[in-house]
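Each chain gets a letter, A, B and so on, in the order its sequence line appears, and its residues count up from 1. None of these values were measured; they are calculated from a predicted model.
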Amino acid sequence: MPPLVELHSVTKRFGHDSRPPVLDGLSFHAERGEFISLIGASGCGKSTVLRLLAGLAPPTSGRILIDNQPATTTSAERAFIFQDATLLPWLTVQKNAELLLKLRGTPATRRRELVAQLLALARIGHLADRYPRQLSGGEKMRVSLARALTLEPALLLLDEPFAALDELTREHLNEELLALRERRRWTAFFVTHSVAEAVFLSTRILILSAGRIIHDLPIDLPFPRNTGTREQPAFHQRVAGISRLLRTASAP
Amino acid sequence: MNRRALTLALPVFTGLALIALWSIARAWIISADQRFLLPAPGTIARAFVEHAPELGAATLATALGAFLGFALAVVFSVVLGLTLSLSLSIRASLYPWLMALQLTPIIVLAPILILWVGAGLKSVVIITFLISFFPLVVNTTQGLVSADRNLIDLFRMGRATRLQEIIHLRIPAALPYFFTGLRIAATLAPIGAITGDVYAGTSAGGQGGLGFLSVIYSARLQIPALYATAIVSCLLGFVFAGSVVWLSWLSLRRWHDAYQPKDT
């Protein structure tokens, strides 16, 4: 079976040719079921990789294949979770979570059924009639996650989804994200600035610097991972090791 | 006194203080031969009663002109706003001309309009429309093009059609902007209708509106009645603006931050 995601010498420039590219000849493969975190200093091209994979922007040169098909446009097979929860403030939690299904023309009864299941899985079933303004940051993110999963995507793209949350909520959501992944084995690309978060969630970490991958690191901590995982020496060793690599990469 | 009662009581106190100041000005500041320019509040109240039938009829005539012009402005602005939001080229082509129309003083346009469509309700409606449509178009268009970038990307990820994006994202996102424009237009509409009355003479089938009445009272030096007309005009403005504020509250209260209880 071919890899789910293939990037071949992908370059992305914004503006003039004289400016350095945001992505500079990036190449990598991602197998089905992998959870890959992209880390690196701000402006290194992490979010751009996600936008290119989503089909929200085209590469300047190079090829992106997803499931052996060129990723030239967006697709229902890919879901994007943004840094803010991107909920429509005029819709209830239920209606927000139904949005992608509605756009796709799924009948109302089926939508309600699917969303009820997902909201229950995300532990926010009791909030279905609330409006986004009545939710906490963590609850909003759970709605965003449930909405992204309604179309049962093969590839989930998460752009610093928990960056604005407090540490405890963030840890809870990390665990719930992994629990959800146990049920539906989507492949994930996760952008974060937190090395600990990346180590906890990932099967593999890519460290980017100036639009290139400078380290491609497998994370072999066993699944299922939970609060106990964060207390293991192996976890701390990896966090310390990757932080060191990151500091070296960012050094002037 | 609770917060709500205080909010209601404060304007009443301010109003009473203004009436007291008014009376003091009449008694102590204005010379006796000039006092007819500032009638006593009681005299104005009597003028209300005395001229009630014609004031009532004029108010209805002006309200009709204002409402029709305002409604026309709303329909036109929504259609034009949607058109303008479609592309930068359309905006670039039409905006300067809309601006030119807005910047041309209505007192210059009014005589031309009267020549075109004749005096009466039609002219009043068109003048009201011209005065009130611009803030509506600008705000509606701004709202339609200002949808959050990430939300637009979300719709792209959902492979929404352009029509779905307009109906499910751009129109609801534009509602707060639209209501801001609507509030400005609602305060301008009665002003437009009264201005129209002044220029277009009798309106609504021979019965003069408030603008027409003020011209008559002014010519006859019926000063208390002139004040009564001004107060009725102001009340008409309140009805228009209040209706829009209520409509805005009704539409946005569930989700918009502006309608949520404040901590302080």
Side-chain angles (χ1 to χ4, degrees), chain A residues 47 50-58 71-93 95-106 111 129-135 140 143-144 147-151 153 155-161 164, chain B residues 78 81-82 85 88 139-140 142-183 244-264:
Chain A
S47 295
L50 250 52
R51 290 185 66 79
L52 262 54
L53 289 174
L56 288 171
T72 47
T73 58
T74 56
S75 152
E77 289 292 295
R78 281 165 267 160
F80 203 114
I81 298 181
F82 300 85
Q83 186 171 350
D84 73 62
T86 56
L87 301 181
L88 303 180
W90 51 89
L91 296 183
T92 60
V93 163
K95 298 282 179 197
N96 261 293
E98 283 182 22
L99 181 72
L100 298 177
L101 292 167
K102 189 174 182 175
L103 294 176
R104 213 183 181 193
T106 309
R111 285 201 311 255
D129 294 329
R130 299 233 182 129
Y131 284 86
R133 65 173 178 81
Q134 298 170 304
L135 306 178
K140 283 180 192 169
V143 182
S144 186
R147 180 181 60 196
L149 298 178
T150 51
L151 296 183
L155 182 60
L156 195 58
L157 306 160
L158 304 103
D159 191 3
E160 297 187 61
Chain B
V78 170
L82 281 166
S85 72
L88 195 62
N139 279 282
T140 306
Q142 190 61 35
L144 287 166
V145 299
S146 299
D148 183 89
R149 189 68 240 167
N150 283 344
L151 287 176
I152 294 170
D153 281 344
L154 174 75
F155 272 69
R156 286 179 64 197
M157 289 305 297
R159 298 188 67 78
T161 61
R162 189 71 195 259
L163 189 63
Q164 283 178 320
E165 187 184 306
I166 290 172
I167 292 172
H168 297 296
L169 174 61
R170 291 192 183 269
I171 290 179
L175 276 181
Y177 291 84
F178 170 73
F179 278 113
T180 303
L182 205 63
R183 274 201 291 275
V244 167
V245 168
W246 175 75
L247 203 64
S248 166
W249 174 81
L250 209 62
S251 310
L252 306 177
R253 72 187 196 285
R254 287 183 190 280
W255 61 272
H256 198 266
D257 284 342
Y259 293 91
Q260 305 319 315
K262 303 281 186 296
D263 293 337
T264 53

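- Taking CZ from A/R104 and CD from B/Q164, the interatomic distance works out to 12.0 Å, rounded to the nearest 0.5 Å.
- Here the CG atom belonging to A/L56 is positioned 10.0 Å from the CG atom belonging to B/L154, to the nearest 0.5 angstrom.
- Heavy atoms of B/L169 lying under 4.5 Å from chain A belong to its backbone as well as its side chain.
- The backbone N or O of B/R156 sits less than 3.5 Å from a side-chain atom of A/T74, completing a donor-acceptor pair.
- For A/R133, the part lying near chain B is the side chain, with the backbone staying farther off; criterion is any non-hydrogen pair under 4.5 Å.
- The candidate with the highest count of non-hydrogen atom pairs below 4.5 Å against chain B, out of A/L88, A/L87, A/T92, A/L151, is A/L88.
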Chi angles and distances behind the side chain to side chain contact (heavy atoms under 4.5 Å, CB included) call for B/H168, A/L91: CA-CA 10 Å; B/H168 297 296; A/L91 296 183; over 6 Å; no
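- Between A/T73 atom OG1 and B/R159 atom CZ the span is 4.5 Å, to the nearest 0.5 Å.
- Contacts with chain B were tallied for A/F82, A/W90, A/F80; A/W90 has the most, counting heavy-atom pairs under 4.5 Å.
- Heavy-atom distances place the backbone of A/A76, and not its side chain, under 4.5 Å from chain B.
- Here the CG atom belonging to B/D153 is positioned 4.5 Å from the CZ atom belonging to A/R51, to the nearest 0.5 angstrom.
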